[in-house]
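Structure, as structure tokens:
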Number of protein chains: 2
Amino acid sequence: MKIRDEYTCPLEIVHDIIKGKWKTIIVFKLRQCNKTFSDLEHSIDGISQKMLIQQLKELREFGIVDKISSTGYPLHTEYFLTSRGKKMLQAVEIMQEIGIEYMLEHGQQEFLDNKGICYNK
Amino acid sequence: MKIRDEYTCPLEIVHDIIKGKWKTIIVFKLRQCNKTFSDLEHSIDGISQKMLIQQLKELREFGIVDKISSTGYPLHTEYFLTSRGKKMLQAVEIMQEIGIEYMLEHGQQEFLDNKGICYNK
DNA sequence: CCGTATCCGATCCGATACTG
DNA sequence: CAGTATCGGATCGGATACGG
């Protein structure tokens, strides 16, 4: 996704921030601590390298996450939520509660662990 | 979008709820009071009838909005947020603040009114 | 280990025409 | 006024291969 040069409404930005398939789960996975690229890759079942990189890049451009990279081999990069990302996390957690509610209502509680943290795994 | 029979994670649902281009703005437009179909259509610049109907239908299937229809001509339908929709609104408002922040940071404050309520209009 | 490039099917969404 | 149906271009995302 190409990020637009100009937005005329905050909710347009919101849409661009969250519309990707993996954005909310990435924000959620980063809630407690820094994660390397491969940490994320292994904890999100079904995501491809390409998509993980791409979505992280977009989240960085919106100032939701940032990263620290070491130079030299093997490469090592840690991603983390910015303060804006932590705000985003609040919204994600509210929406997650809605998701949990929906699952309970539809008899799918067998997929839920204690905290609704069960993305594909 | 076909709503899935089974979700294995709350955040999958979240993604399906919000991924459409017009979902957040619809939730936001319904924040204060009931709106008819044409109220919504006229207050969201750029949306087509088809998309408005489609997104409202999906929001209804997820229990975010509901409607009351009168029978007889002319047709009259009012849409409103359910209690779950009001919860969703909380998340939307948090994300909206992020959008406002982003716009201010990028010198686009001329598009903002007092409350960031300016979706294309 | 981390990131880029390309190909290609699936999905999204705008335009348009039509119905009760 | 509210809702449905269809077509076609644009975008998204999975698979795969390659590079620093």
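The model shown is predicted, which means the values in this text are computed figures rather than measured ones. Lettering follows sequence order; numbering is per chain, from 1.
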Quiz prompt | Distance test, side-chain N/O of B:K19 to OP1/OP2 of D:dC12, below 4.0 Å | solution = no
Quiz item: Is any side-chain heavy atom of B:I94 less than 4.5 Å from a side-chain heavy atom of A:K87?
Solution: yes
Self-check item: Contact check, side chains of B:C9 and B:V14, non-hydrogen atoms, under 4.5 Å
Solution: no
Exercise. Whole angstrom is fine here: how far is it from CD in A:E41 over to P in C:dT4?
Key: 14 Å
Quiz prompt | Any A:Y79 side-chain N or O less than 4.0 Å from OP1/OP2 of C:dG3 | solution = yes
Practice problem: Using atom CE of B:M51 as one end and atom P of D:dG3 as the other, report the distance to the nearest whole Å. | Solution: 15 Å
Quiz item: Of the nucleotides C:dT4, D:dG3, D:dG14, which one has an atom closest to the side chain of B:F37?
Solution: D:dG3
Quiz item: For the pair made of CG in A:D39 and C1' in C:dC2, what is the distance, rounded to whole Å?
Solution: 13 Å
Quiz prompt | A:K57 (side chain) and C:dG3 (base): donor-acceptor pair under 3.5 Å | solution = no
Quiz item: A:F62 and B:Y102: aromatic ring centres closer than 6.0 Å?
Solution: yes
Quiz item: Taking only N and O in the side chain of A:S38, is any of them less than 4.0 Å away from OP1 or OP2 of C:dC2?
Solution: yes
Quiz item: Does any non-hydrogen side-chain atom of A:R60 lie less than 4.5 Å from one of A:Y79?
Solution: yes
Quiz item: Of the nucleotides C:dC13, D:dC1, D:dG3, which one has an atom closest to the side chain of B:T77?
Solution: D:dG3
Self-check item: Whole-Å distance separating the CD1 atom of A:I47 from the P atom of D:dA15
Solution: 12 Å
Self-check item: Nearest-angstrom distance from the residue atom NZ of A:K2 to P of D:dG13
Solution: 18 Å
Quiz item: With a 4.0 Å cut-off on heavy atoms, is A:Q49 in touch with a base, just the backbone sugar-phosphate, or nothing at all?
Solution: base
Quiz item: Where each residue is assigned the nucleotide of DNA chain C containing its nearest heavy atom, which of A:S69 and B:G20 is assigned the position nearer the 5′ end?
Solution: A:S69
Quiz prompt | Distance, rounded to the nearest Å, where B:I53 contributes CD1 and C:dT19 contributes C1' | solution = 13 Å
Quiz item: In terms of side-chain geometry, is the basic nitrogen of B:R4 or B:E12 positioned less than 4.0 Å from the acidic oxygen of its partner?
Solution: yes
Practice problem: Could you tell me the separation between the CG atom of B:L56 and the P atom of D:dG3, rounded to a whole number of Å? | Solution: 8 Å
Quiz item: Just how far, in rounded Å, is C1' of D:dG13 from CD1 of A:I44?
Solution: 15 Å
Quiz item: Is A:K67 near enough to C:dG3 that one of its side-chain N or O atoms lies under 4.0 angstrom from OP1 or OP2?
Solution: yes
Quiz item: Nearest to the side chain of B:K50 - D:dT6, C:dC2, D:dG3?
Solution: D:dT6
Quiz item: Among D:dG13, C:dT4, C:dC1, which is the nearest nucleotide to the side chain of A:P74?
Solution: C:dC1
Exercise. Name the residue closer to the 5' end of DNA chain D, choosing between A:S48 and A:L75 according to the nucleotide with the nearest heavy atom.
Key: A:S48
